[in-house]
J.: 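Supplied in C-alpha cells, the structure appears directly below.
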Amino acid sequence: MARSLSPWLWLRKPIYIQARFSYLHMKYLFFSWLAVFVGSWVVYVEYSSYTELCRGHECKNAICDKFRKGVIDGTACSSLCEKDTLYLGKCLSAKPSNQVYSGSWGDMEGIIKCHMEEVHHYDLAAELEPRREAASFDRPTKGTSVEKFREMVLSHLKAKVGDQANLQDLAALVLGVADANKDGQISLAEARSAWALLQLNEFLLAVVLQGREHTPRLLGFCGDLYVMEKVPYAPLYGISLPWAVELWIPAGLRRSMDQWASPSWPRKAKIAIGLLELVEDVFHGTFGSFLMCDVSAAGFGYTERHDLKVVDAKRIVPEAAFQEAMRERRCEVDSDCIYGADCYTSCDLTKHRCTTEVTRPNLAKACGALKDYLLRGAPSDIKEELEKQLYACIALKGATEQMEMEHSLILNNLKTLLWKKISHTKDS
C-alpha cells in the first residue's frame with residue numbers, strides 16, 4: 001500500500017514547490033508595487049508642495065513688470081530685472097504668500113523675500129494669514145507731493161508704534177530708505193515701493209533696529225521684494241529634516257539629534273546673551289515697544305562668531321498696534337485673544353472684548369525658549385543657579401506693577417552669570 005502511494009507523493013511535491021514559489025512571487029510583486037506606489041505618492045506630494053510653495057519666478061515676473069512700467073523703483077530693481085545680478089537660489093518658503101529664497105547679489109549672499117499677496121494694514125482681528133489680492137502699488141497716487149507722502153508715513157507710523165516723541169526721526173529714517181538712488185528726492189515709483197514695504201512688520205523692525213547687532217541688514221528692495229543679509233546658521237538650534245523623515249523619528253531621538261547638532265556650551269551661552277540683548281532692544285526701545293509673538297528656534301540663527309541674528313521678524317510686532325487690535329477683538333474665552341504662538345491676553349467677559357496687556361512679557365518667552373538649550377551641558381558650578389534664574393524669568397507676568405523692575409533685574413542677573421562664565425574663554 002505504501003509503495004502504491006509513493007508515486008502520488010512524488011507528484012504532489014513539485015506541485016507544492018510550485019505553489020510556494022507562486023506565493024513568494026506574488027508577495028514580492030505586491031510589496032514591489034506597494035513600494036512604487038508609496039514612493040510615487042511621496043514624490044507627487046513633494047512636487048505639489050514645492051510648486052505651491054515656491055513661486056519665485058511668478059514674484060520676480062510681477063515685480064519686474066511693474067518696474068519696467070515705471071510703477072515701482074528701488075535699489076534692487078535694476079539688478080533683478082535688467083542686469084540679472086540678483087539671483088534667486090534655493091527656495092526656503094514655508095507659505096505660498098511669503099516667498100523666501102536664498103540668493104546672491106554680486107558678491108553678497110542674501111535672503112530674498114517677496115510677498116505674493118498684499119498686507120493692507122496690521123489687523124489682528126483678521127486671520128493671521130488672510131488671502132488677499134496681489135499688491136497693486138497704487139499708493140501714493142499720482143500728484144502726491146513729497147510733503148504729503150511724509151504726512152502719510154507719519155500717520156501710518158503713529159498707528160503702528162504709537163504717538164512717540166521722536167516719531168519725526170523714525171519717519172526720516174523711512175524716507176531715507178525710500179530714496180533709493182540717494183539723490184535727495186523721492187520719486188513716485190520709490191514712494192510706492194516704500195509704502196508697500198512699510199506695511200510689513202519685518203521691514204519696519206529692520207528700519208527701527210538698523211545698525212543694531214542682532215538685526216540683519218536690509219541690503220535692498222524693489223516693490224515689496226526685499227533682500228536681507230543672510231544669517232549663516234539657522235535655525236537657532238536643531239537640524240532641519242524633510243517632513244517625510246520627521247514623521248518616523250521618535251521625539252526622544254529628535255531631541256538627541258538636536259543636542260548633537262548644537263554648538264559647545266560657551267558658544268550657546270554667547271548666543272543666549274544675544275537673545276537677551278535683543279529683548280532689551282525691542283522692550284521700550286528708541287521708537288516704542290515691540291512684542292515677540294513667536295519665540296521659537298526657527299525665528300533666529302547665528303553668525304560664524306556666534307552672535308544671534310533674527311531670521312524671521314514677521315511675528316515681532318509693535319505693541320501699540322497689537323493693543324489697538326486686541327481692544328477691538330470680540331471674545332468668549334481667553335483662547336480667542338491670541339496672536340502668533342506667544343502673544344495672548346485675557347478675555348473680559350463683562351464686555352466680551354480682549355484686554356490689551358499681554359500675560360507674558362518678551363523676557364519670559366525668551367527664557368522659556370532658552371531653558372533646555374542652556375541647561376543641557378551647563379557647567380556644574382553654575383547649573384543650579386542658572387536653572388533658578390531661568391525659572392524666575394519664565395515666571396514673569398506682564399501686568400504686575402513692578403514688572404519693569406523685575407524684568408531689568410532678572411535680565412541683568414542672567415547676562416552677568418553667563419558672561420562671567422565665558423568671559424575668559426575664546427568664545428566670548
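This one's a predicted model, so the numbers in the text were calculated from it and none came from an experiment. What's counted below: heavy atoms across the whole structure, side chains too, no hydrogens, waters or symmetry copies.
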J.: Taking only residues two or more places apart in sequence, or in another chain, which ones meet Glu384 in a side chain to side chain contact (heavy atoms under 4.5 Å, CB included)?
T.: none
J.: Enumerate the residue pairs fulfilling salt bridge (Lys or Arg N to Asp or Glu O under 4.0 Å) with a member in residues 188-205, sequence neighbours excluded, ordered by first and then second residue.
T.: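 Found Lys113-Glu202.
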J.: Can you establish whether the number of heavy atoms outside Lys158 located under 6.0 Å from its atom NZ is more than 12?
T.: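 Check fails, neighbour count at 12 or below.
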J.: Mark yes or no for whether Lys309, through its side chain, and Thr303, through its backbone, hold a donor-acceptor pair below 3.5 Å.
T.: no
J.: List the atom pairs, donor and acceptor, that lie under 3.5 Å between side-chain atoms in residues 204-212 and the rest of the protein, sequence neighbours left out.
T.:
from	atom 1	to	atom 2	distance (Å)
Gln210	NE2	Val207	O	3.3
Arg212	NH1	Asp281	OD1	2.9

J.: Is a side-chain donor or acceptor of Arg315 paired with a backbone partner of Ala341 at a separation under 3.5 angstrom?
T.: no
J.: Quick one: do Phe287 and Leu157 satisfy side-chain contact (heavy atoms from CB on, under 4.5 Å)? Show the steps, please.
T.: CA-CA 10 Å; Phe287 301 111; Leu157 292 174; over 6 Å; no
J.: Under the ring-ring contact (aromatic ring centres under 6.0 Å, His included) rule, collect the residues that match up with His407, sequence neighbours excluded.
T.: Phe283
J.: Does the SG-to-SG distance between Cys347 and Cys354 fall under 2.5 Å?
T.: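 Answer is no: Cys354 does not pair with Cys347 in a disulfide.
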J.: At what distance, to the nearest 0.5 angstrom, does CD1 of Ile382 lie from CD of Gln389?
T.: 9.0 Å
J.: Going by the disulfide bond (SG atoms under 2.5 Å apart) test, which pairs reach into residues 358-387, not counting sequence neighbours?
T.: Cys367-Cys393
J.: Please round to the nearest 0.5 Å and tell me the distance separating atom CE of Met228 and atom CD1 of Ile112.
T.: 12.5 Å
J.: Strictly distance-based, threshold 3.5 Å: is any side-chain N or O of Asn166 a donor or acceptor partner for the main-chain N or O of Thr286?
T.: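 Yes, the answer is positive, given that a donor and an acceptor are paired below the 3.5 Å cut-off.
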J.: When you take the SG atom of each Cys, Cys81 and Cys222, is the space between them under 2.5 Å?
T.: no
J.: For the pair Thr144 (side chain) and Thr141 (backbone), establish whether a donor and an acceptor sit closer than 3.5 Å, ignoring hydrogens and angles.
T.: yes
J.: Can you tell me if the gamma sulfurs of Cys54 and Cys91 fall under 2.5 Å?
T.: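 In this structure, Cys54 and Cys91 share a disulfide.
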J.: Are the two sulfur (SG) atoms of Cys331 and Cys337 closer than 2.5 Å?
T.: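 Answer is no: Cys337 does not pair with Cys331 in a disulfide.
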J.: Can you name the residues that form a side chain to side chain contact (heavy atoms under 4.5 Å, CB included) with Glu304, not counting sequence neighbours?
T.: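 Listed in chain order: Tyr233.
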J.: Pick from Thr359, Thr356, Thr355: which one makes a side-chain hydrogen bond (donor to acceptor under 3.5 Å, both in side chains) with Ser346?
T.: Thr355
J.: Going by the salt bridge (Lys or Arg N to Asp or Glu O under 4.0 Å) test, which pairs reach into residues 78-90, not counting sequence neighbours?
T.: Lys60-Asp84
J.: Who are the side chain to side chain contact (heavy atoms under 4.5 Å, CB included) partners of Ser104, not counting sequence neighbours?
T.: Tyr87
J.: Can you list everything that forms a side chain to side chain contact (heavy atoms under 4.5 Å, CB included) with Ser145? Sequence neighbours excluded, please.
T.: Glu147, Lys148
J.: Filter on ring pair (Phe, Tyr, Trp, His ring centres under 6.0 Å), then keep only pairs touching residues 163-183, sequence neighbours left out; what's left?
T.: none
J.: Mind checking side chain to side chain donor-acceptor pair (under 3.5 Å) for Arg327 and listing every partner two or more places apart, or none if nothing turns up?
T.: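 Here the qualifying residues are Glu324.
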J.: Under a 3.5 Å distance rule, please check whether Glu280 uses its side chain to pair with a backbone N or O of Gly285 as donor and acceptor.
T.: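 No: the side chain of Glu280 does not pair with the backbone of Gly285.
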J.: Judged by atom type as modelled, is there a donor-acceptor pair below 3.5 Å linking the side chain of Glu319 to the main-chain atoms of Leu291?
T.: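 A pair under 3.5 Å: no.
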J.: Look up atom CZ in Phe149 and atom CG in Leu154, then write down how far apart they are to the nearest 0.5 Å.
T.: 10.5 Å
J.: For the pair Asp342 and Asn362, evaluate side-chain contact (heavy atoms from CB on, under 4.5 Å) and give the outcome as yes or no after the intermediate values.
T.: CA-CA 9 Å; Asp342 297 311; Asn362 291 334; over 6 Å; no
J.: Can Glu213 and Arg305 be counted as an ion pair, charged N to O under 4.0 angstrom?
T.: no
J.: What ring pair (Phe, Tyr, Trp, His ring centres under 6.0 Å) pairs are there with at least one residue in residues 189-212, not counting sequence neighbours?
T.: His156-Trp195
